[in-house]
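Each remark here refers to the structure printed beneath this line.
Being a predicted model, the structure only gives us computed values, none of them experimental. First listed ligand is number 1; within each ligand, the first listed atom is number 1. Hydrogens, waters and symmetry mates are skipped; everything else that's a heavy atom, side chains included, is used.
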Amino acid sequence: MPKYPTEASSAAISTALDSLRAEVLRRNPGEPEFHQALNEVLDSLAPLLAARPELLDAGLLERIVEPERQIMFRVPWQDDAGVTRVNRGFRVEFNSALGPYKGGLRFHPSVNLGVVKFLGFEQIFKNALTGLSIGGGKGGSDFDPRGRSDAEVMRFCQSFMTELYRHIGEHTDVPAGDIGVGGREIGYLFGQYRRITNRWEAGVLTGKGLGWGGSNVRAEATGYGNVLFAAEMLAKRGEDFEGQQVVVSGSGNVAIYSIEKAQALGAHVLTASDSAGYVVDEKGIDVELLKEIKEVERARISEYAVRRGGSARYVSGGQVWDVPADVALPSATQNELGADSAATLVRGGVKAVSEGANMPCTPQAVEILRENGVAFGPGKAANAGGVATSALEMRQNAARDSWDFAEVEDRLRTIMRGIHDTAYETSEKYGAPGDYVLGANIAGFERVAEAMTAQGLI
Ligand code: NDP
């Protein structure tokens, strides 16, 4: 018997959503980031559920909010002084209705189960939006690679993989990078996987080096993709990146390649940051210098101002959102752009905000941007280029093939346009044109829900 008759009233829908929210909070206490990500999705679903009340049946929502599997493990390793350290490892395999679990690994002291669950939950809908065959998962550890030697990072990665290897595989679960996990870490992780399993299984990890199974454009993909998404939002308003003033936060993988692509499209990018402060460069960020400092030397962003000379200044503490701009690309971490910063951006005349990071804008900030008519691209749509290119890497691995830079970038461009159009058209269909949050959540949810329904009660 269906739980809800065909014309589910809006009262019945909100009761169902509220009781689900309460139940998730009760069963997952102390996980504010997960609650925040969940609320953002549930807040978008009412119009879909009104049109398709059958989606309230068969415990579909109840199943989607519960990970299929959550793995937590001990990661012991020895530092250079011979002291034994113990970190905690996580892998949350959230949903495999559309394909093998797919999502990055984050190494950062702030990582805990709730953070991994928020990221894994977002990943389900993001991956669905790409239209590719990938489920959602995420993992990581509270290990802090900052200030650690290469040898320490290698020993940590080897220990982490010594447990993780039994849970992953090219047809099961395919991790990649995220904060604190770049090409170096993926290399150590892949080496240990290969050693333990005695298999050259390239498709088990993505973000690999170009000489050993990696894909062209994977390093650039999240940042490039976010700028391509923002360009589509601007195009809807009859504008492009040419001559726009842009502020970017972060100075890691996503930030660097957001800056590179925005500049390639003619924008003037003024800022980059790390957790200690930010730089403003009136001449525009010198992306090669930034790469040298952050990717090669792994130094702090303050070093950029020292080397760049007159045009750049370093601001200790504070946030890049204080710098007036036309476009803002938050590309560091969750909840880095709050209500006050959103109001400051609006006062500075911002037209578009596109999330390179996952959930960098608080719900209050999103509300302020929305009320002021700012085009807002949520991370699950705007930063999906990274995971989409990971899926292209898996495809190349499966075919033992390698595509050139232009071919992969071309596919990335098509995918980002597709994600933008799907989110936009869905927002129109459900009566909120231009609300990319609603459009992305509904379109991603619908695809997963249909696959789960077709596959029965599992
Ligand atoms: P990186 O580790 O390469 O860079 C992270 C950047 O963010 C650094 O500049 C770091 O500064 C800053 N940062 C991290 N944590 C904090 C914090 N608590 N407060 C202030 N600044 C902080 O990570 P990525 O560039 O890969 O990831 C950035 C964001 O993009 C994350 O939200 C991630 O989930 C998301 N993302 C990444 C994808 C990818 O392909 N890499 C794909 C999709 C989303 P510091 O060095 O001082 O810590």
Distance-minimising heavy-atom pair for W321 and A328: CZ3-CB, 3.9 Å
Whether H108 lies under 4.0 Å from ligand 1, heavy atom: yes
Protein contact of atom 47 (O) of ligand 1 - nearest heavy atom, named by residue and atom, plus distance: S275 OG, 2.5 Å
Atoms of ligand 1, numbered as shown, that sit under 4.0 Å from any heavy atom of G250: 9 (O)
Residue-ligand contact G207/ligand 1, heavy atom below 4.0 Å: no
Within 6.0 angstrom of R313 CZ, more than 12 heavy atoms from elsewhere: no
Short side-chain donor-acceptor distance under 3.5 Å, S275 and R146: yes
Of the listed options T206, V115, V181, T333, closest to atom 16 (C) of ligand 1 (non-hydrogen atoms): T333
Distance from atom 44 (C) of ligand 1 to nearest protein heavy atom, with residue and atom: N358 ND2, 3.5 Å
Top protein contact for atom 28 (C) of ligand 1, by heavy-atom distance: A332 O, 3.2 Å
Derivation of the ring-ring contact (aromatic ring centres under 6.0 Å, His included) call for F143 and F160: CA-CA 10 Å; F143 171 71; F160 185 85; 9.2 Å; no
Per-residue contact class, S249 against ligand 1 - non-hydrogen pairs under 4.0 Å: neither
Heavy atoms from other residues, nucleotides or ligands near CZ of R166 exceed 12 (cutoff 6.0 Å): yes
Per-atom contact, atom 20 (C) of ligand 1, protein heavy atoms, under 4.0 angstrom: yes
Parallel, tilted or perpendicular, as decided by the 30° and 60° cut-offs, for the rings of F94 and F34: tilted
Ion pair R27/E66, N-O distance below 4.0 Å: yes
Per atom 34 (O) of ligand 1, closest listed option by heavy atom (V387, D178, N226): D178
Electrostatic pair D178-K138, nearest N-O below 4.0 angstrom: yes
Electrostatic pair E409:K261 at N-O distance under 4.0 angstrom: yes
Contact with ligand 1 for S251, non-hydrogen, under 4.0 angstrom: yes
R300 atom CZ, neighbour heavy-atom count above 12 within 6.0 Å: yes
Region of E336 that comes within reach of ligand 1 [heavy atoms, distance under 4.0 Å]: neither
Sub-4.5 Å side-chain heavy-atom contact between P330 and V353: yes
D80 versus S149, side-chain donor and acceptor atoms under 3.5 Å: yes
Which residue and heavy atom of the protein sit nearest atom 46 (O) of ligand 1, plus the separation: R300 NH1, 3.4 Å
Nearest option to atom 39 (C) of ligand 1, as decided by whichever heavy atom of L119, N383, T222 sits closest: T222
For atom 2 (O) of ligand 1, the protein heavy atom that lies nearest, with its residue and separation: G180 N, 2.9 Å
Structural part of R218 in contact with ligand 1, heavy atom criterion under 4.0 angstrom: side chain
Identity and distance of the protein heavy atom lying nearest atom 3 (O) of ligand 1: N253 N, 2.9 Å
Whether over 12 other heavy atoms sit under 6.0 Å from D240 CG: yes
Nearest protein heavy atom with distance in Å, relative to atom 48 (O) of ligand 1: R146 NH1, 3.3 Å
Numbered atoms of ligand 1 (with element) below 4.0 Å of S273, judged on heavy atoms: 9 (O)
Per-residue contact class, A176 against ligand 1 - non-hydrogen pairs under 4.0 Å: neither
Distance from atom 4 (O) of ligand 1 to nearest protein heavy atom, with residue and atom: G252 CA, 3.2 Å
Ligand-residue contact atoms, ligand 1 with R106, heavy atoms, under 4.0 Å: 31 (C), 32 (O), 33 (C), 34 (O)
Nearest candidate to atom 5 (C) of ligand 1, where distance is taken over non-hydrogen atoms, out of D274, N335, V254, I179: I179
R85 with E152: basic N within carboxylate O range, under 4.0 Å: no
